[in-house]
Structures are given as C-alpha cells and as structure tokens.
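All remarks here apply to the structure that follows.
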Amino acid sequence: MGQRFVGIGELTEVPRVAVVVDVMRAFTLAAWAFARGAERIVLASSEEEALALKESRPGWLALKDGPPAAGFDAVNSPGLIKSAELSGRTVVQKTTAGTVGALAVADAPLVLCASFVVAGATARLLRAEGLGPVTFVVTGAGGRADEDLACAEYIGRRIDDDDVEAAPYLRRARASRAAADLTDGVRLGYRGVHPDDVELCLEVDRFSFAMVARREESLMVLRPAGEHAGW
Ligand SMILES: O=C(O)[C@H](CS(=O)(=O)O)OP(=O)(O)O
Ligand SMILES: [Mg+2]
C-alpha cells in the first residue's frame, strides 16, 4: 500500500484516503472526548464559526486551543477533558493545526483523524478496508512536526505489521518541539495546559476505536468508528 506524508500546505490534490495526524493535541483530545461520551465532534474553521455553531444549537459545546476564552466551554487539553462529562454531547472543536488539516481534506472519500491513542485502531481500519494509497497529513509545523510525523510513520508501518515497536516513534514525539512547549507551558503556569497532557498524548492504543470525519450537510463531523468505517 503506497504512502505519502505531506504537510497541510503541500496538499496538491484531493487524496482518496487521508489520515490527518495531530498528536499534540487535537486528536488526542478528540479521542478522550469520545471516551468521555461525546457523540460527535464538529470541526470548525474559525473561532467565530465555533461560537456561532454553539449559539445556534442548544446543548452544543465549543472548545478551542490556547487559554480559556469567553464563550468557549473547554480547551484543547486531554488532561482537562479527561474528567469532563460529555455523554451525548456535540463538541465543536477549533485548533491551530489538527482541525485545519481535517478541513483541508474534507473532500476526500475517507478521512481518518489520528494520534498515538488510536494508532492501532486506525491501522486496523486501513488494513481491513483494503484501501489503496494513503496520504498522511502531518499537521504541525508545516508538515515537519516530529510528533505528528513519527505517529504517521508508526501507523503506516502498523498497517502491514501490527507488532511494530512503538518505542522509537514515542521517543521522537517525546523529544518534539510541541512536547517541550507543553512542558514549558506547565512550568510557566499557562492556562489551557495540564501537567498530564504530554504523557496522555504518548499513550499508544489507549482507545480501541478509530475516528472518521465526513461531511454531514455543511459540517465536517468526526465520529468514532470500528474496523469498518462504512464509508
Ligand atoms: O492545542 C495545541 O496543542 C495546538 C496549539 S499550538 O499549535 O500549540 O499553538 O493545537 P493543535 O491543532 O492541537 O496542534
Ligand atoms: Mg499539534
């Protein structure tokens, strides 16, 4: 199965199968939100859109990266969302890299959003569907974020070999700029980061579901999925 690894700005055509990777922290957060009961995550293109969606739909929650902000119910922190009660809720998510990457491939027939916590399930779904070439969208740092590239390469290897050793890939992610920035953020007391965020982003196979994003009416909606995406 052919694989390519590209940054968001390097996408030149609509891929048939896209795996959008954001380890720190959007798609680790998304998996935790599903684990806490969220029914779906709507990926918003701007903070204004996120707030407008929340305002027009009773019961919807809005979440963004950075510090807590007026109108938003939560931040992009796995450590903070881990104890939230989200049963049946719709969460609107807007972040700097992950949600932008998913929206950039919204026209692809199959879009998976991934991180280490859903790596195995993502690889299994790709294997089970017997798909053709896979385009991994490395969302951070113009396609050079090593936590995202390491995770993308790990998932790519696991499509063919479920026993691939995770440690070398996790070492790269742990040494990444994003991990250092989060650690600095905790040390400096920034709001919107939690001391457990980096470790939670490095838990391989914490969850058994993959995450599929698809257009639903005018929205890009992320939902958990088992081995068969049913796309
Ligand atoms: O919240 C995050 O960790 C990042 C924000 S930034 O890139 O560190 O400014 O967003 P994400 O889209 O999850 O990479
Ligand atoms: Mg990121």
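Note that ligands are numbered from 1 as they come in the structure, with each ligand's atoms numbered from 1 the same way. All values derive from a computational prediction rather than experimental measurement.
- Of the options Q3, R16, R4, E13, a side-chain contact (heavy atoms from CB on, under 4.5 Å) to T135 is made by R4 and by none of the others.
- For ligand 1, the atoms closer than 4.0 angstrom to any heavy atom of A97 are 11 (P), 12 (O), 14 (O).
- Judged by distance alone, with hydrogens and angles left aside, the side-chain atoms of D73 form a donor-acceptor pair with the main-chain N or O of A62 at under 3.5 Å.
- Atom 8 (O) of ligand 1 is not flagged as protein-proximal [any protein heavy atom, distance under 4.0 Å].
- The ligand atoms of ligand 1 that sit less than 4.0 angstrom from a heavy atom of M24 are 3 (O), 11 (P), 13 (O), 14 (O).
- If you look at the Mg ion (ligand 2), the protein N, O or S atoms less than 2.8 Å from it are D22 OD1, M24 O.
- Heavy atoms of T96 found under 4.0 angstrom from ligand 1 belong to the backbone as well as the side chain.
- The closest non-hydrogen atom to atom 12 (O) of ligand 1, taken over D65, T95, T99, comes from T95.
- Expressed to the nearest 0.5 Å, how far CE of M220 lies from SG of C113 amounts to 6.5 Å.
- The shortest N or O to N or O distance between G98 and ligand 1 is below 3.5 Å.
- Put simply, CZ on F116 and CD on E203 are 12.0 Å apart, with the number rounded to the nearest 0.5 Å.
- For atom 2 (C) of ligand 1, the nearest non-hydrogen atom of the protein is N76 ND2, 3.3 Å.
- With respect to the salt-bridge test (charged N to carboxylate O, under 4.0 angstrom), the residues D162 and R127 qualify.
- Side-chain contact check for E85 and S87: at least one donor-acceptor pair (N or O, by modelled atom type) lies under 3.5 Å.
- Taking 4.0 Å as the cut-off between side-chain N and carboxylate O, R174 and E199 count as a salt-bridged pair.
- For atom 3 (O) of ligand 1, the closest heavy atom belonging to the protein is R25 NE, 2.8 Å.
- Remark: the T96 side chain and the D65 side chain contain an N/O donor-acceptor pair separated by less than 3.5 Å.
- Taking the charged nitrogens against the carboxylate oxygens, D197 and R25 do have a contact shorter than 4.0 Å, which makes a salt bridge.
- The CZ atom of R157 sits 4.0 Å away from the OH atom of Y169 when rounded to the nearest 0.5 Å.
- Under a 4.0 angstrom heavy-atom cut-off, D22 registers as being in contact with ligand 1.
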